[in-house]
Amino acid sequence: MAADPCKDLEAELRETFESGRTKEESWRRLQLNNLLSLLEEKEDVIFQALEQDLGKHPIESYRDEIGPLIKSLNYALNGLKKWMSGRKAALPLAAFPASAVLVPEPLGVVLIISSWNFPFGLSLEPLIGAICAGNAVVLKPSELAPASASVLADLIHTYLDVKAIKVVQGGVSVGEQLLQLKWDKIFFTGSAPVARIVMTAAAKNLTPVTMELGGKCPAVVDSLSSSWDKTIAMKRILASKFGICSGQACISIDYIIAEKKFVSTLVELLKAGTLSMFGVNPKETNSMARIINKNHFRRLKNLLNEPSSKASIVYGGSLDEDNLFIEPTILLDPPLETGVMTEEIFGPLLPIITLEKIEDSIKLIKSKPKPLVLYAFTNDEGLKKRLSSETSSGSVVFNDAIVQYAADSIPFGGVGESGFGRYHGKFSFDEFSYEKAVVRRSYLVDFWFRYPPWNDHKLQLFKSAYRFDYLGILLIMLGFKK
Ligand code: NAD
């Protein structure tokens, strides 16, 4: 019987990891620098792959994938030495004399499974964290962006240490084969149903997991008073819906919540903004990505063709299956039980839900699973405070969207149905590390009451040790306390 290629590969990586090579700071730096060279030297190849898979404009590809990765690599190269050095921890006085440090260690051989919408960003961003932390890695990109997956495999195997970092291409069956193996960590980006399969497989080996999932990110849009603020807000909303992978992004705005009295102004502003960004014939634009494939196209078409959704279209709505293009489409008040309001849209359809009072948005948001991001466009500090404190989401962003993704200093991740675990910057290093506690004691001081035989006096001393620490023990020993 032929050997399982995935098993052989995992065994090879484990051998490399056990050799200790990936733990060396010099190895980590070399891989990060080589990744930088890969991105700088092969920019055109990456642009072509993203054009082929998703029809992304090179600016979009640079802005959302290559640029943030270069920034992350430089940030990691700057921080690596500090991140790798352990940190001191205080110990109770009762342990005196002693010292403790927390030493970050790599987890071992890790599996990264990624999604198709940002095939480079969502594969390489976790890979940067895994390398920084000193792990050996298998990366499985999504089969739905085949040109990008093939470029990732070629380039990673050319630029990086192939004995420690491997790309495995394939779809569901390859993913299933990989999940049969024992990993020291699984970092998964994708949908909640597949996340459940991954977690079930991970549970067999007690493998820790990070789950970067999706859901419906709402944007609460208040009736901003100044026309400048309104114009900027509309541009930011449109760019983060239609202008980022045609809305096929986990942190894209999924739907808007606005007050009834503001909605006609809002719709007019959104229409005008859409026209200015994508023209009168958006099918001709090269500034909007295409839908990834026919299955997703038909999924979106079905959402739009539900009679109550169709009836709510106030702008756009045309579809071109041959070119996998869907026009920017705005829907006004589709019923909350229709597909566009119950499923993650992941495409260029933008429902607006109207309410009497903007504060009622809190109740609506809380009635749905916890989103990856809650956006709100408002200058009302009271509303900001209430939205932050009364709802739960992976993050909250006021008056902009998407920008949070590129910040190394804040964690990226979800909560509840939108996932768990977090990454970017130092958070990625932590996500792929284990902080081992190393405690050093001396023989200089030794409390006799630690050892049997037991008596009441020793019990009192233990009580003091836990309650009052060293001072309490001293007082009891000196006879000042009972
Ligand atoms: P998906 O869950 O279908 O696939 C994700 C990955 O899992 C792919 O590589 C796929 O081949 C693999 N896979 C599928 N079935 C598998 C199985 N049975 N066993 C093992 N592996 C399997 O998701 P998708 O369509 O690639 O992505 C869309 C979803 O991902 C959306 O819900 C979106 O919100 C979410 N997403 C989240 C983030 C984030 O950073 N939080 C980013 C992008 C996408």
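Keep in mind that the numbers below use all heavy atoms, side chains included, and drop hydrogens, waters and symmetry copies. Ligands are counted one by one from 1 in listed order, and the atoms in each one are counted from 1 as well. No experiment lies behind these values; they were computed from the predicted model shown.
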Quiz item: For ligand 1, what is the set of protein residues having any non-hydrogen atom at a distance below 4.0 Å?
Solution: Ile113, Ser114, Ser115, Trp116, Asn117, Leu122, Lys140, Pro141, Ser142, Glu143, Val172, Gly175, Glu176, Leu179, Phe188, Thr189, Gly190, Ser191, Val194, Ile197, Glu212, Leu213, Gly214, Cys250, Glu344, Phe346, Leu372, Phe412

Quiz prompt | Sequence neighbours excluded - side chain to side chain donor-acceptor pair (under 3.5 Å) pairs with any residue from residues 411-420 | solution = Arg196-Glu417

Self-check item: Counterpart residues, salt bridge (charged side-chain N to carboxylate O under 4.0 Å, His left out), relative to Glu327 (two or more places apart)
Solution: none

Quiz prompt | Residue pairs, two or more places apart or on separate chains, that pass ring pair (Phe, Tyr, Trp, His ring centres under 6.0 Å) and touch residues 289-309 | solution = Trp116-His296

Exercise. Output yes when Lys366 and Glu390 qualify as a salt bridge under the 4.0 Å nitrogen-oxygen rule, no when they do not.
Key: no

Practice problem: Assess the pair Phe412 and Tyr405: is the distance between their ring centroids shorter than 6.0 Å? | Solution: yes

Self-check item: Distance flag, aromatic centroids of Phe432 and Tyr423, threshold under 6.0 Å
Solution: no

